[in-house]
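Heads up: the structure comes next, in structure tokens.
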Amino acid sequence: MHDAADAPIAFCAGDEDTALVLPPGAALGVCPWCHGLLAGRIDMCFNCDENSRALDGNVQPIIPISLYAKPSRLRDWLTFYKDDGDVAADEHARAAIGTVLERFFAENHEWAGALGADGAIIVPSTLRPPPHPLAVLLQERGSLPFEVTYGLSRTPESLGHNQPNKGAFAATEDLRGRRVLLLDDVYTSGARAQSAAYALRRIGAEVAALCVIGRRYNPGYSEQSAAVFAQQSAAPFTWAVGVRDATRTSAV
């Protein structure tokens, strides 16, 4: 069961502009692959390095729409836009998440078109059976420039925080040769999303981009984490993809 919401969940058009936190981009001390902290490392944070080593030597740079921490409105939207088996999905949270995605792709329509993706695939849940609630929401709203594509599924192999696995996902052969946008709702260590990207590469699909709604930050983890999150929370929010889109696509 979900933890309780930190405040009554609500959403009105325009709330997305004040609830989101601009990712740090290529700031000093920030990992260019996942926008997390380098924590004294040079080119790649610990999590990205672990994902790269455990998979095929590659790490897919993420494009996060927003940072989020707990407590926050975005955390509650991301938590309650889907049911937990006991409590139904919250319609305000569903409206918020749908609007956030629509605004991001509408504000960056030229970039979205230039991706050349012929479909969007949602990273499957670790335990929840398909279809993913995000796929259901996007199909209901039907307002993104990409059709939701299927063919990526979870296998019984283990997968967890900081535990990427080459066999955690399976992609069907009909995705071979296709160029797809990979979407996920949250990103923490990246083990799940990076394992999914690997499964697509393994069968010959091309990941045009890995876009995530919320990049998890824990301001209580360290002084640097707190400082970066405070700095970004105070920065004016922009939807522009340029501050989010890393240019490198593989590890050295």
Side-chain angles (χ1 to χ4, degrees), residues 1-6 9 11 34 47 51 54-55 60 62-66 68-102 119-142 144 146-172 174-175 180-200 202-203 205 207 210-216:
M1 180 177 290
H2 298 317
D3 292 339
D6 295 295
I9 298 174
F11 175 75
C34 73
N47 287 331
N51 290 328
L55 300 171
Q60 184 74 36
I62 74 166
I63 300 173
I65 296 177
S66 175
Y68 84 99
K70 183 180 180 182
S72 68
R73 282 187 289 171
L74 181 55
R75 176 264 171 188
D76 287 344
W77 293 342
L78 286 166
T79 301
F80 292 97
Y81 88 92
K82 47 193 174 185
D83 70 90
D84 68 355
D86 295 313
V87 179
D90 184 273
E91 290 305 314
H92 294 292
R94 294 182 89 244
I97 294 302
T99 300
V100 166
L101 280 170
E102 288 165 5
I121 290 182
I122 313 302
V123 177
S125 298
T126 302
L127 299 175
R128 180 190 299 271
H132 194 288
L134 188 57
V136 174
L137 176 61
L138 294 179
Q139 287 179 316
E140 287 178 359
R141 294 177 73 106
L144 287 191
F146 307 99
E147 179 183 358
V148 175
T149 300
Y150 293 92
L152 185 65
S153 59
R154 183 74 171 88
T155 75
E157 294 204 23
S158 63
L159 179 68
H161 183 77
N162 277 335
Q163 295 178 323
N165 187 332
K166 288 183 176 181
F169 296 95
T172 56
D174 65 328
L175 291 175
V180 298
L181 171 69
L182 193 57
L183 282 173
D184 207 358
D185 48 9
V186 298
Y187 190 103
T188 305
S189 73
R192 191 166 59 93
Q194 296 295 342
S195 296
Y198 165 78
L200 292 168
R202 183 178 56 196
I203 59 95
V207 179
L210 169 55
C211 184
V212 300
I213 299 171
R215 178 31 168 130
R216 175 81 161 92

- Query: Short question: side chain of Arg75, backbone of Arg216 - any donor-acceptor pair under 3.5 Å?
  - Reply: no
- Would Leu134 and Val148 satisfy side chain to side chain contact (heavy atoms under 4.5 Å, CB included), going step by step from the backbone distance to the final call? CA-CA 10 Å; Leu134 188 57; Val148 175; over 6 Å; no
- Query: Would you find more than 12 non-hydrogen atoms of other residues, nucleotides or ligands less than 6.0 Å from Gln139 atom CD?
  - Reply: yes
Rounded distance [0.5 Å steps], [atom1] in [X] versus [atom2] in [Y]:
X: Leu181; Y: Ile63; atom1: CG; atom2: CD1; value: 8.0 Å
X: Thr79; Y: Leu74; atom1: OG1; atom2: CG; value: 9.0 Å
X: Thr99; Y: Phe11; atom1: OG1; atom2: CZ; value: 3.5 Å
X: Cys34; Y: Gln60; atom1: SG; atom2: CD; value: 13.0 Å
X: Ser125; Y: Lys82; atom1: OG; atom2: NZ; value: 5.5 Å
X: Leu55; Y: Lys166; atom1: CG; atom2: NZ; value: 7.5 Å

Could you tell me which residues satisfy side chain to side chain contact (heavy atoms under 4.5 Å, CB included) with [X], sequence neighbours excluded, listed by chain and number?
X: Pro131; result: Val136, Tyr150
X: Ala5; result: Ile9, Asp76, Phe80
X: Glu157; result: Thr155, Asn165

Shortest non-hydrogen separation from [X] to [Y] and the atoms involved:
X: Arg154; Y: Ala168; result: NH1-O, 3.1 Å
X: Ala69; Y: Ser72; result: O-OG, 2.7 Å
X: Ile97; Y: Ile213; result: CG2-CD1, 3.7 Å
X: Pro164; Y: Asn51; result: CG-OD1, 3.4 Å
X: Ala89; Y: Arg94; result: CB-CD, 3.9 Å
X: Val207; Y: Ala197; result: CG2-O, 4.1 Å

- Can a donor-acceptor pair be found between the side chains of Tyr187 and Gln194 at a distance below 3.5 Å? yes
Heavy-atom side-chain contact between [X] and [Y] under 4.5 Å:
X: Ile62; Y: Cys211; answer: no
X: Leu152; Y: Leu182; answer: yes
X: Leu137; Y: Tyr81; answer: yes
X: His132; Y: Val123; answer: no
X: Val212; Y: Asp185; answer: no

- Before accepting this row, confirm whether a basic side-chain N of the pair Asp83/Arg128 lies closer than 4.0 Å to the acidic partner's carboxylate O. yes
- Dump the intermediate steps for side chain to side chain contact (heavy atoms under 4.5 Å, CB included) on Phe169 and Arg192, then the final yes or no. CA-CA 9 Å; Phe169 296 95; Arg192 191 166 59 93; 3.7 Å; yes
- Pair Val186-Tyr68, side chain to side chain contact (heavy atoms under 4.5 Å, CB included): steps then yes or no: CA-CA 9 Å; Val186 298; Tyr68 84 99; 3.8 Å; yes
- Might you work through the side chain to side chain contact (heavy atoms under 4.5 Å, CB included) test for Thr188 and Asn162, ending with a clear yes or no? CA-CA 9 Å; Thr188 305; Asn162 277 335; over 6 Å; no
